[in-house]
Amino acid sequence: MRVSQLKLLVTGANGFVGRSLLETLNMSGHDVVPCVRNAAGLRGERSIGSIDGSSDWSSVLTGCQAVIHLAARVHVMHEKTGDPLHEFRKTNVVGTLNLARQAAALGVKRFVFLSSIKVNGESTDVGAAFTPGSPPCIVDPYGVSKWEAEQGLRKIAADTGMELVIIRSPLIYGKGVGANFAQLIGLVRKKLPLPFGAIDNRRSLIAIDNLTNFISLCVNHPKAAGETFLVSDGDDISTPELVRRIAAAEGCRASLWPIPVWLLMAAGSLFGRRKVMERLCGNLQVDMSKAYRLLGWRPVIEMQAALKKMAEDDFKDETTH
């Protein structure tokens, strides 16, 4: 399919996904307006300040045919606010819908929204992957805010005719990944024995190159309008297999001890890491067949190659600092 060049607004352009997406979009020849909350040193960036119901987007939206909305209040490892849901809603719901209304009023044709698989839930049974039609099963404030934003965006799209595309992704990995995935990589690099050898689960992940390629496709593919997609690498693996693949990418061997899952869960509860252990031991699979069936999309990089690229990028960063 021939891709026409558009003027695009990308929010959250200095984030983990945003920086990679800018590279993908620029290679596609689009005229990209990178939008950040505060100056981040990106070429051509525009600062918007806080993202809430009072944000004025008119100066950055002028002339744009599409918006890719990545900016969000994301998971907070050590939440300090007394009302987390209020804080998530302020940015992820009120701020998102304020942007969408202004975009529609200024004639933006399409709004691409990066949501989260947390709208569907935290776990699946083996072989029973989430689909775009799976009912929501939300367990935390972040997931609630993403679901409420999706619902509000659908109403704005219905009222204004602006095309909406929703993308729900599982865990994203790649250069600059943080949180638990970065910690796991650190443990593998230290060649420490890891107690995950007895885990037999399946989890969907997505390499950042695959996600940004899919987002780029959704910007102007005619069949993406009005749709919700789940995307992944299409290679669901167990936690011990993930450790082995990370080790292979890092040029070392994994040391895995077969500690019973029940003991891992008990240790997680004892040390306040129950949620982490649930993710390491549990299943979470997504069905990406709709993306292939409707848009003809396939992942552009395999997991092992993506992990190897991430390891090489990290090594380059270490040697240049």
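Worth saying up front: this structure is predicted, and the values here are computed from it rather than measured.
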Give the C-alpha distance, both sets of side-chain angles, the deciding distance and a yes or no for side chain to side chain contact (heavy atoms under 4.5 Å, CB included) between V219 and I68. CA-CA 8 Å; V219 164; I68 303 173; 3.5 Å; yes
Hey, mind stepping through V33 and V10 against side chain to side chain contact (heavy atoms under 4.5 Å, CB included) and telling me if it holds? CA-CA 6 Å; V33 180; V10 177; over 6 Å; no
Quick one, V32 with L22, criterion side chain to side chain contact (heavy atoms under 4.5 Å, CB included). Give me CA distance, side-chain angles, the key distance, then yes/no. CA-CA 7 Å; V32 183; L22 291 183; 3.6 Å; yes
Just do the side chain to side chain contact (heavy atoms under 4.5 Å, CB included) check on L8 and V67 with the steps written out, would you? CA-CA 6 Å; L8 310 173; V67 170; over 6 Å; no
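The ring pair (Phe, Tyr, Trp, His ring centres under 6.0 Å) contacts involving residues 176-209 comprise Y173-F181, where partners must be two or more places apart or lie in separate chains.
Counted within 6.0 Å of CG on D159, heavy atoms from surrounding residues, nucleotides or ligands total more than 12; the atom is thus considered enclosed. Applying the 6.0 Å contact sphere to NZ of K309 captures no more than 12 heavy atoms from other residues, nucleotides or ligands. By the neighbour-count criterion of 12 heavy atoms within 6.0 Å, atom CD of E302 is sparsely surrounded, having that number or fewer from other residues, nucleotides or ligands. The local environment of NZ in K7 is crowded, with over 12 non-hydrogen atoms from other residues, nucleotides or ligands closer than 6.0 Å.
Two residues are said to be in side-chain contact when any heavy atoms from C-beta on lie closer than 4.5 Å; N180 and R273 meet this criterion. Using a 4.5 Å heavy-atom threshold, the side chains of N38 and S47 count as separate. With contacts defined as side-chain heavy-atom distances shorter than 4.5 Å, the pair T96/L153 qualifies. Residues D52 and N98 have side chains not in contact (no heavy-atom distance under 4.5 Å, counting atoms from C-beta outward). E87 places none of its side-chain heavy atoms less than 4.5 Å from the side chain of T91. The closest side-chain heavy-atom distance from Y142 to K118 is below 4.5 Å. A heavy-atom distance below 4.5 Å is found between the side chains of F229 and L295. Under the 4.5 Å side-chain criterion, counting only non-hydrogen atoms from C-beta, K191 is not in contact with S255.
Interatomic distance, CZ of R101 versus CH2 of W57, reported as 14.0 Å (0.5 Å rounding). The distance from the CD1 atom of I199 to the CD1 atom of I259 is 10.5 Å, given to the nearest 0.5 Å. The CG atom of N220 sits 10.0 Å away from atom CD of E163, with the distance rounded to the nearest 0.5 Å. The structure places CZ of R244 at 10.5 Å from OG1 of T239, a figure rounded to the nearest 0.5 Å. Taking OG1 of T124 as the reference point, atom CG of D287 lies at 11.0 Å (rounded to 0.5 Å). The distance from atom CG of L114 to atom CD1 of I166, rounded to the nearest 0.5 Å, is 11.0 Å.
Nearest heavy-atom pair, V177 versus I172, reported as atom, atom and distance to 0.1 Å: CG2-O, 3.6 Å. Residues H30 and N26 approach most closely at O-OD1, 4.1 Å, considering heavy atoms. Here the shortest heavy-atom pairing between G18 and L70 reads CA-CD1, 3.5 Å. Residues S123 and F130 approach most closely at O-CZ, 3.3 Å, considering heavy atoms. Between A104 and T160 the shortest heavy-atom distance is CB-OG1, 3.7 Å. The two residues R110 and A225 come nearest to each other via the heavy atoms NH2-CB, 3.5 Å.
Listed for the T11 side chain is a donor-acceptor partner under 3.5 Å among the backbone atoms of A71. In this structure, E250 contributes its side chain and A247 its backbone to no donor-acceptor pair below 3.5 Å. In this structure, the side chain of D31 does not engage the main chain of Q5 through any donor-acceptor pair within 3.5 Å. Looking only at distances, no side-chain donor or acceptor of D125 sits under 3.5 Å from a matching main-chain atom of A128. Checked by atom type and distance alone, the side chain of N201 pairs as donor or acceptor with a backbone atom of G282 at under 3.5 Å. Between the side chain of Q65 and the main chain of V108, no donor-acceptor pair closer than 3.5 Å is present. Checked by atom type and distance alone, the side chain of R19 pairs as donor or acceptor with a backbone atom of N14 at under 3.5 Å. No donor-acceptor pair closer than 3.5 Å links the side chain of T212 to the backbone N or O of S20. Between the side chain of E241 and the backbone N or O of R202 there is no donor-acceptor pair closer than 3.5 Å.
Side-chain atoms of D233 and N210 form a donor-acceptor pair, as typed in the model, at a separation below 3.5 Å. The closest side-chain donor-acceptor pair between S116 and R168, if any, does not fall under 3.5 angstrom. Under the 3.5 Å distance criterion, with hydrogens and angles disregarded, a donor-acceptor pair is assigned to the side chains of T228 and R154.
Hydrophobic clustering (side-chain heavy atoms under 4.5 Å, transitive across Ile, Leu, Val, Met, Phe, Trp, Tyr) groups V17 together with M303. By the criterion of side-chain heavy atoms lying less than 4.5 angstrom apart, applied directly or through intervening Ile, Leu, Val, Met, Phe, Trp or Tyr residues, V165 is not grouped with V286; the two fall into different hydrophobic clusters. When hydrophobic clusters are built by joining Ile, Leu, Val, Met, Phe, Trp and Tyr residues whose side-chain heavy atoms come closer than 4.5 Å, directly or via intermediates, I215 is grouped together with L217. V119 and V93 fall into different hydrophobic clusters, where Ile, Leu, Val, Met, Phe, Trp and Tyr are joined by side-chain heavy atoms under 4.5 Å apart, directly or via other members. Taken together through direct or relayed side-chain contacts under 4.5 Å among Ile, Leu, Val, Met, Phe, Trp and Tyr, I206 and L294 form part of one hydrophobic cluster.
Salt bridge annotation for K275-E122: absent, with no cationic side-chain nitrogen under 4.0 angstrom from a carboxylate oxygen. The residues E227 and K223 are annotated as not salt-bridged, no charged nitrogen and carboxylate oxygen being separated by less than 4.0 angstrom. The existence of a salt bridge linking E150 and K146 is excluded, since no basic side-chain nitrogen approaches an acidic carboxylate oxygen closer than 4.0 Å. Taking the charged nitrogens against the carboxylate oxygens, R89 and D83 have no contact shorter than 4.0 Å, which rules out a salt bridge. In this structure, D236 does not pair ionically with R203, as no charged nitrogen and carboxylate oxygen lie closer than 4.0 Å.
A search for ring-ring contact (aromatic ring centres under 6.0 Å, His included) contacts involving W147 returns nothing, not counting sequence neighbours.
Between F113 and H69, the angle of the ring planes stays under 30°, which puts this pair in the parallel group of the 30/60° scheme.
When ring centroids are compared, W297 and Y292 stay outside the 6.0 Å threshold.
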